Amino acid sequence: MKVIKPENPQGFCFGVKRALEIVEVASKKGDVQILGWLVHNPSVVEDLKSRGISTVESVSDATSDNLVITAHGAPKGILGILSDKKIIDATCPFVVKFQKQVERLGEQGYKVVILGDKNHPEIKSVSSYTKDPIIVSSAVEASLVACYDKIALVCQTTQNIETLKDVSTSLIEKTNQLLIENTICPSTRTRQKNASELAKKVSLMVVVGGKNSANTKRLVEISQKQNTKTIWIECSDDLDELLLKEISVYVSSSQIKSIGLISGASTPIDSVERVFEKLSNYG
């Protein structure tokens, strides 16, 4: 089967690479634990675990004196709670910038509206930097927001630009002054553009990334909006004989005899290559 993938970016984004490097350096100096998933990819988390770098879900579960803040950041007050720990901060610089923007906007008197998933660790982190922010996940939810004199709209770094546009339209009539700050990170924008363009050229898209990865979910949604059959897998092991046969039959019966392959920002490059080889060599 002919498999097409974008030249760039593939594999880890800058923020994920940086977080892994920070943990690697810290682990050589002593025992460390990570407060939550460092990045949203099961194979990466399992690899860390196999090297003795464990994940804890809450502060009370931590047994190590060295605790890592994940790439998604942590709530503003966490440092006070962890005063007895050595904090190793692996927060993505784009998330740090996002935190500071939200804090600044709140101080300037804006009602801050955040487009994102309220249960995602990044949003839990960022929303703690201003008083009573409003979190919405769609234009419909934005249309239910009360009226304020000044509204500032920001969004999760892995959000879809089209959703940001739709939410912006919903908020225009809610305020005398609407400030929009596009906080989607550059890598996310490029991957989303690649997904949209590639989905138009192939009969089927395979997206590789963790099922709890927000940026990977966006790629799946963007591909599906092009009316392209889309399959979401976490790694090459998901491509069993049954699924490979299904893919082969579908592509063979289509006018366009090719598959698009794209990956989330926390997917290891070797995982992408294994999927590429498995698809390319099938049959």
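Here the structure is a predicted model, which means the values were calculated and not measured.
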side-chain contact (heavy atoms from CB on, under 4.5 Å) assessment of Leu261 paired with Ile4: CA-CA 6 Å; Leu261 174 62; Ile4 305 171; over 6 Å; no
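- Side chains of Gln10 and Ser263: a donor on one and an acceptor on the other come within 3.5 Å.
- Here the closest heavy-atom approach between residue Ser127 and residue Ile123 is recorded as OG-O, 2.7 Å.
- For the pair Arg218 and Glu221, the tightest heavy-atom approach, listed with the atom from each and the gap, is NE-OE1, 3.0 Å.
- To the nearest 0.5 Å, atom CG of residue Leu38 and atom OG of residue Ser266 are 10.0 Å apart.
- Taking NZ from Lys124 and NE2 from His72, the interatomic distance works out to 12.0 Å, rounded to the nearest 0.5 Å.
- Of the N and O atoms on the side chains of Asn215 and Thr188, not one donor lies less than 3.5 Å from an acceptor on the other residue.
- With Thr175 as the fixed residue, the side chain to side chain contact (heavy atoms under 4.5 Å, CB included) test singles out one of Ile151, Val113, Asp149: Ile151.
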side-chain contact (heavy atoms from CB on, under 4.5 Å) assessment of Cys235 paired with Arg274: CA-CA 8 Å; Cys235 62; Arg274 284 195 293 271; 6.0 Å; no
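- Interatomic distance, Met205 CE to Thr228 OG1, rounded to the nearest 0.5 Å: 7.0 Å.
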Thr55 and Gln33: CA distance, side-chain angles, deciding distance, side chain to side chain donor-acceptor pair (under 3.5 Å) verdict: CA-CA 6 Å; Thr55 296; Gln33 290 180 312; over 6 Å; no
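- In this structure a side-chain-to-backbone donor-acceptor pair under 3.5 Å is present from Lys278 to Leu239.
- Of all heavy-atom pairs spanning Ala90 and Val68, the tightest one is CB-CG1, 4.0 Å.
- A donor atom on one side chain and an acceptor atom on the other are found under 3.5 Å apart for Tyr110 and Gln177.
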CA sep, side-chain torsions, deciding dist, call: Lys165, Glu162, salt bridge (Lys or Arg N to Asp or Glu O under 4.0 Å): CA-CA 5 Å; Lys165 291 177 183 177; Glu162 295 303 321; 3.5 Å; yes
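- Minimum heavy-atom separation, Pro9 to Ser187: CG-OG, 4.2 Å.
- We find that Lys131 and Glu103 are not joined by a salt bridge, their nearest charged nitrogen and carboxylate oxygen being 4.0 Å or further apart.
- The shortest heavy-atom contact between Phe14 and Pro93 is CE2-CG, 3.5 Å.
- In this structure, Arg104 pairs ionically with Glu181, as a charged nitrogen and a carboxylate oxygen lie closer than 4.0 Å.
- Note that NZ of Lys229 is 10.0 Å distant from CD of Gln224, once rounded to the nearest 0.5 Å.
- Between Ser137 atom OG and Asp117 atom CG the span is 7.5 Å, to the nearest 0.5 Å.
- Using a 3.5 Å distance cut-off with no hydrogens or angles, the side chains of Asp61 and Ser58 do pair a donor with an acceptor.
- Ser203 places a side-chain N or O within 3.5 Å of a backbone atom of Ile256 that can act as its donor or acceptor partner.
- Just one residue in the list Glu241, Lys245, Glu277 forms a side-chain hydrogen bond (donor to acceptor under 3.5 Å, both in side chains) with Tyr282, and that residue is Glu241.
- Thr163 OG1 to Leu115 CG: the interatomic distance, rounded to the nearest 0.5 Å, is 6.5 Å.
- Nearest heavy atom pair, residue Gly210 against residue Thr216, reads O-CB, 4.1 Å.
- Thr157 contributes no side-chain N or O that, together with a main-chain N or O of Cys185, makes up a donor-acceptor pair within less than 3.5 Å.
- For the pair Lys5 and Phe276, the cation sits on the ring face: its NZ or CZ lies under 6.0 Å from the ring centre, inside 45° of the axis.
- For Ser143 and Ser170, the side-chain atoms include no donor-acceptor pair closer than 3.5 Å.
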